[in-house]
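Nothing here was measured: the structure is a model prediction, and the numbers come from that model. As a basis for the values below, the full set of heavy atoms in this structure was taken, side chains included, without hydrogen atoms, waters or symmetry mates. Order of the sequence lines fixes the chain letters, A, B, ..., with proteins taken first and strands second; residue numbering starts at 1 for each chain.
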Amino acid sequence: MTSPVIEIEHLVKTYHVPEREPGLRAALVSLIKRKTREVKAVHDISFQVQPGEIVGFLGPNGAGKTTTLKTLSGLLYPTSGKVEVLNYQPSKRERAFLRQITLVMGQRNQLVWDIPAADSFELNRAIYGIPETEFRQTLQELVELLDLGPLITKPVRNLSLGERMKCEIAGALLHRPKVLFLDEPTIGLDVTAQRRIREFIREYNARYGASVLLTSHYMADVEALCKRVIVIHHGRIIFDGQLSALVDRFNVNKTIIVRPGDEPIETARIAQYGEVISEENGQITLKVPRDQATRVTTRLLTELPITDVSIADPPIEDAIEQIFATPDEAVPAN
Amino acid sequence: MRVIALYFKVSILNELQYRVNFFVQVLQSFLSLVVALGGLVIVFDHTESLNGWTSAELLAVVGVYFIVGGLIGSLIQPSMQMLMEDIRQGTLDFAILKPVDTQLLVSVRQIQLWRLMDVGIGIVLLVIGLTQAGAEITVLELLAFVVMLIAGGIIVYSFWLILATIAFWFIRIDNILQVFQSMYEAGRWPVRIYPPWLQFMLTFLVPVAFAVTVPVEALTGRLTPLSFLGAIALTVLMFTVGRVFWTIGIRAYSGASA
């Protein structure tokens, strides 16, 4: 019974994008004759997601994350390769399949702008053919979990971005999908709203055993939710495994935070010990290679008038940045 | 069906929020009424009949022009404009991922309630026109009129759908819709009064003839069985072509961004 929920094998997706030179003349020419260029958005990726898993999908803009999500949800036809979700072929968009999945895009709205979310929810109820009692129950749970309360009776246009996103998510989950594709669900939200949505995703996953594939630019999202991450870069998977393994593998640096004593120290002097990445409130942060961290700390304490020094792992962002800065071949896939 | 009914309800709720729109629409309907009637008055200052159509009959044509225009403006056009907007912004994704027929869904999503005012005006004009013309309308003629009105509606809908579907390839085509609008204005007169090339365009390129002239012909005893059958055939054809366009377009659609 542990057959994977999502199965992708050797997926390739190529776009034909119109291309034209800048300028009016070229624009006019392109009206008649459109040049297109082939862009490989996804280049031979394979992975599986098990039931109940939350998988973080990381990569810089244009890495192929959204393309993969769209292919999985059935919006795009794969150029080649095998894609299966819940044993369906997504691109056929069979109704039985569509009833069991949902796609949330942080940058796009699906709620009707001018009416309260509650009315949009009713529409979704009719579209998905959700029985009245089940609908009431799910809605009540969602309202509670997301703390929607009075929000759903206000016109959507009057809601703040965070409130709107919460309503979007509720609307996308009324039919209790088994697979959730969340494309940057927390983009542009403040920290509180982000945390709320994060907690909600975790709770929904625990309660319904739904599988979640999540993309986000905020590492906090990924750290809080995903044990497993898949890193995609230039349309290829360059890492697939535990989040902790990702940090170990790619973090080659440590940060050292230095607090000088009463007399200030010139930054130039500290810069001799490592790369200064920030300097605020008299506190200086240095980046040094991991294997030298201890030695540098000792030297700092003996050679400079310093009251306090602490060593930390740099944020995962740095690890990720490190990965994306590395040429493809240098990073072996798992 | 439940979905359609609910969309109607939601759209109506939506419209009721904006009362200003109501007054703007009153003004707009009034203006177009004045323009249409003014045109009639000017023409019949000079002549008794226009290509066999009396002034009363032409009033009936204006009536149907208002009815059909109101129906298109309230039922067809808003959803199609929303469709094009969705294609441009990539929000059509959500509609595609709903477990109902996407064409149906995008065709009923939005209505403009106040445009139905034109339908009311149209009915009044039609009744006045027919009474003045002293037309005795048989049940059969009335039936033919309704059938032709529905056929015209489906033709215009399919036409719009095809235009909107072109957005799948060209993304921005608002201008094409302007073309439709101005061509539709020509439907204020029976298409038979126009020169042949324009008649041809208004019949087959932009199906104004079938939307307005043919239904009126049904009421004024001008409808031949041939054009009746032709209208039905064209309805089926247009609807099928629309569906095919739609299916191909959806396949070509790949969202506004990667």
Side-chain angles (χ1 to χ4, degrees), chain A residues 13 15-18 31 34 39 41-42 61-71 73-77 90-91 93-105 107-116 119-120 122-129 155 157 168 171-172 175 181 183 235, chain B residues 1-21 78-79 82 85-106 108-113 168-173 175 247-248 250-258:
Chain A
K13 176 69 196 178
Y15 289 113
H16 294 270
V17 292
L31 276 180
R34 299 240 272 187
V39 174
V42 172
N61 291 330
K65 298 177 306 244
T66 305
T67 302
T68 311
L69 284 195
K70 281 186 169 182
T71 315
S73 56
L75 285 168
L76 297 177
Y77 294 84
S91 56
R93 295 200 284 264
E94 288 164 76
R95 291 188 190 167
F97 164 72
L98 295 178
R99 256 180 242 285
Q100 297 181 61
I101 63 149
T102 202
L103 173 70
V104 175
M105 292 190 266
Q107 287 159 313
R108 292 179 192 167
N109 297 96
Q110 62 170 327
L111 297 175
V112 185
W113 189 245
D114 287 322
I115 58 170
D119 289 328
S120 283
E122 277 292 327
L123 280 176
N124 276 359
R125 179 168 89 82
I127 288 168
Y128 285 98
R157 77 187 125 86
E168 285 280 339
H175 58 292
F181 300 113
D183 194 10
Chain B
M1 280 304 124
R2 256 190 56 80
V3 176
I4 300 176
L6 206 56
Y7 263 109
F8 272 51
K9 201 185 110 190
V10 167
S11 300
I12 290 168
L13 286 178
N14 200 353
E15 283 280 283
L16 290 175
Q17 285 189 67
Y18 301 102
R19 275 179 309 168
V20 177
N21 274 355
S79 285
M82 188 176 175
E85 192 56 25
D86 273 354
I87 292 173
R88 206 164 61 76
Q89 296 192 343
T91 33
L92 188 67
D93 292 356
F94 295 118
I96 295 178
L97 291 185
K98 294 284 186 284
V100 286
D101 187 88
T102 313
Q103 184 187 339
L104 178 77
L105 192 65
V106 302
V108 301
R109 278 189 301 177
Q110 195 142 54
I111 61 168
Q112 271 179 19
L113 191 62
F168 281 124
W169 292 280
F170 293 99
I171 308 298
R172 259 214 113 117
I173 53 155
N175 298 333
T247 314
I248 298 172
I250 276 283
R251 272 199 82 108
Y253 172 78
S254 62
S257 82

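Side chain of A/Arg99 to backbone of A/His175: no donor-acceptor contact under 3.5 angstrom is found. Panel note: side chain A/Gln110, backbone A/Glu168; no donor-acceptor pair is recorded below 3.5 Å.
For chain B, the option among A/Ser120, A/Ser73, A/Gly74, A/Ser91 with the highest count of heavy-atom pairs below 4.5 Å is A/Ser73. Contact count against chain B (heavy-atom pairs under 4.5 Å) is highest for A/Met105 among A/Glu94, A/Met105, A/Arg125, A/Glu122. Put simply, of B/Leu97, B/Asp86, B/Thr102, B/Val100, the one with the most heavy-atom pairs under 4.5 Å next to chain A is B/Leu97. Of the listed residues (A/Ile115, A/Leu123, A/Asn124, A/Asp119), the greatest number of heavy-atom pairs within a distance under 4.5 Å of chain B belongs to A/Leu123.
Interface remark: B/Leu92 contributes no atoms to any contact with chain A (heavy atom separation under 4.5 Å). When heavy atoms are compared at a cutoff of 4.5 Å, A/Pro155 approaches chain B solely by way of its side chain, counted from C-beta outward. Looking at A/Asn109, the atoms closer than 4.5 Å to chain B (heavy atoms on both sides) all sit in the backbone: N, CA, C or O.
With sequence neighbours excluded, the residues satisfying side chain to side chain contact (heavy atoms under 4.5 Å, CB included) with A/Arg93 are A/Tyr77, A/Leu98, B/Ile96, B/Ile250. Partners of B/Pro78 under the side chain to side chain contact (heavy atoms under 4.5 Å, CB included) rule, at least two apart in sequence or in another chain, are B/Gln110, B/Gln112.
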Task: side chain to side chain contact (heavy atoms under 4.5 Å, CB included) between B/Glu85 and B/Thr91, worked out - done: CA-CA 8 Å; B/Glu85 192 56 25; B/Thr91 33; over 6 Å; no
